Amino acid sequence: MRKYIILLFLAACGFQPMYTEQDTDIYVAPISGINGIDLRNSLNAKFGGARDANAKYTLVVTLKNPVTTYKALETTGDATWQEISLSATYKLMTNGKQIASGNERASESYAFVRYLVAANASYNNAVQNTIQVLSEKIGARVIAETYRYEQKNNKTDTKSTDK
């Protein structure tokens, strides 16, 4: 019952989700490195699939190499807990004009064990999780910026047709 009351309240106040049934025509330019490929694939999935270079918007992302920080050390000096962090800069463009840019960073801690296979698996899982978080952050900002840009242009178009 509560859900329906909230939905009625939101409908009455004019609330409209940013990207409900709207096309996100965003081309994600290739990102260098294996982690860049994973980030690009994740962003394309978030935007509803890969687009070609003729899309309305172009997103250019520069991904830096992962940085590992030791978080916990044993008395022997061996690391037992590490943190992986990734940072990226992005530019959103349309018609050759930059409409948004920014920096995002994501990190995740993971257990570092002595066994090579387990240590590599732990590290790779942390990197993949960090890429997903980075993708969510960049994707949310890009969708918000394209929505803002569309709203601004729709108001400008309405004003020019009213005259």
Side-chain angles (χ1 to χ4, degrees), residues 3 6-7 10-11 13-72 79 81-113 118-158:
K3 285 193 254 183
I6 291 172
L7 286 174
L10 289 176
C13 75
F15 172 78
Q16 178 185 0
M18 280 195 303
Y19 259 83
T20 303
E21 298 175 16
Q22 291 186 18
D23 186 22
T24 55
D25 192 17
I26 301 170
Y27 168 69
V28 181
I31 306 169
S32 65
I34 292 180
N35 294 332
I37 293 169
D38 291 339
L39 178 59
R40 183 175 189 232
N41 289 340
S42 183
L43 286 167
N44 279 331
K46 182 162 185 60
F47 300 145
R51 303 287 195 266
D52 64 4
N54 297 324
K56 183 173 184 177
Y57 299 99
T58 301
L59 178 64
V60 178
V61 179
T62 304
L63 181 64
K64 295 182 180 164
N65 289 329
V67 175
T68 303
T69 308
Y70 299 117
K71 302 299 270 184
W81 201 255
Q82 294 181 352
E83 179 183 66
I84 184 80
S85 64
L86 284 168
S87 59
T89 58
Y90 66 89
K91 288 189 265 184
L92 180 64
M93 296 178 285
T94 185
N95 299 325
K97 176 180 135 185
Q98 181 177 315
I99 61 172
S101 65
N103 300 312
E104 288 297 339
R105 181 181 177 280
S107 63
E108 180 163 323
S109 296
Y110 64 98
F112 184 76
V113 294
N120 283 339
S122 186
Y123 172 82
N124 290 335
N125 286 338
V127 169
Q128 289 303 310
N129 291 341
T130 304
I131 287 171
Q132 288 302 314
V133 171
L134 201 55
S135 169
E136 288 296 320
K137 287 180 167 186
I138 293 171
R141 289 191 181 264
V142 166
I143 288 173
E145 290 297 334
T146 57
Y147 182 77
R148 182 181 310 157
Y149 184 78
E150 292 289 327
Q151 294 302 312
K152 185 172 81 171
N153 281 351
N154 287 343
K155 287 180 185 176
T156 305
D157 291 344
T158 305

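Predicted model only: the values in this text are computed from it and were never measured.
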Participant: Considering non-hydrogen atoms only, spot the tightest contact between A140 and K46 and give its length.
Facilitator: N-CE, 3.7 Å

Participant: On a heavy-atom basis, which atom in G36 and which in L63 lie closest, and how many Å separate them?
Facilitator: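 Of all heavy-atom pairs spanning G36 and L63, the closest is N-CD2, 3.7 Å.
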
Participant: Side chain of T130, backbone of A126: donor and acceptor closer than 3.5 Å?
Facilitator: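 Yes, T130 side chain to A126 backbone: donor-acceptor pair under 3.5 Å.
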
Participant: Can you tell me if D52 uses its side chain to pair, donor with acceptor, with the backbone of N54 under 3.5 Å?
Facilitator: yes

Participant: Please report the shortest heavy-atom distance between S107 and E83, naming the atom on each side.
Facilitator: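 Reported closest heavy-atom pair: OG-OE2, 3.5 Å.
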
Participant: Quick check against the 3.5 Å criterion: does T146 have a side-chain atom that pairs as donor or acceptor with the backbone of V142?
Facilitator: yes

Participant: Using 0.5 Å steps for rounding, measure from the CG atom of D38 to the CG atom of L86.
Facilitator: 10.5 Å

Participant: Looking at CZ of R51 and CG of N44, how far apart are the two atoms once the value is rounded to the nearest 0.5 Å?
Facilitator: 8.5 Å

Participant: Heavy-atom distance under 4.5 Å between the side chains of M93 and V60, does that happen here?
Facilitator: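 Sidechains of V60 and M93: in contact.
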
Participant: Please report the interatomic distance CD(E145) to CD1(I26), rounded to the nearest 0.5 Å.
Facilitator: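 CD1 of I26 is found 11.0 Å from CD of E145.
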
Participant: Roughly how far, to the nearest 0.5 Å, is CG of L43 from OG1 of T24?
Facilitator: 11.0 Å

Participant: Is there a side-chain contact between L59 and F47, using heavy atoms and a 4.5 Å cut-off?
Facilitator: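 Counting from C-beta outward, L59 and F47 do come under 4.5 Å.
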
Participant: Would you indicate whether the side-chain heavy atoms of T68 and Y110 approach each other to under 4.5 Å?
Facilitator: yes

Participant: Is there side-chain contact between E150 and Y57, with at least one heavy-atom pair below 4.5 Å?
Facilitator: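 Yes; the side chains approach each other to less than 4.5 Å.
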
Participant: For residues N35 and L39, determine if any side-chain heavy atom of one lies less than 4.5 Å from a side-chain heavy atom of the other.
Facilitator: no

Participant: So with a 6.0 Å cut-off around NZ of K91, is the heavy-atom count from everything else above 12?
Facilitator: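 For K91, atom NZ is not crowded (no more than 12 foreign heavy atoms under 6.0 Å).
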
Participant: Please check this pair: side chain of K56 against backbone of T94, looking for a donor-acceptor N/O pair closer than 3.5 Å.
Facilitator: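 No; judged by distance alone, with no hydrogens or angles, the pair does not exist.
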
Participant: How long is the span from the CD1 atom in I99 to the CG atom in L92, to the nearest 0.5 Å?
Facilitator: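 Result: 4.0 Å between the selected atoms.
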
Participant: State whether the side chain of R40 and the backbone N or O of V28 hold a donor-acceptor pair below 3.5 Å, judged by distance alone.
Facilitator: yes

Participant: For the OH atom of Y123 and the CD atom of Q128, what is their distance to the nearest 0.5 Å?
Facilitator: 10.5 Å

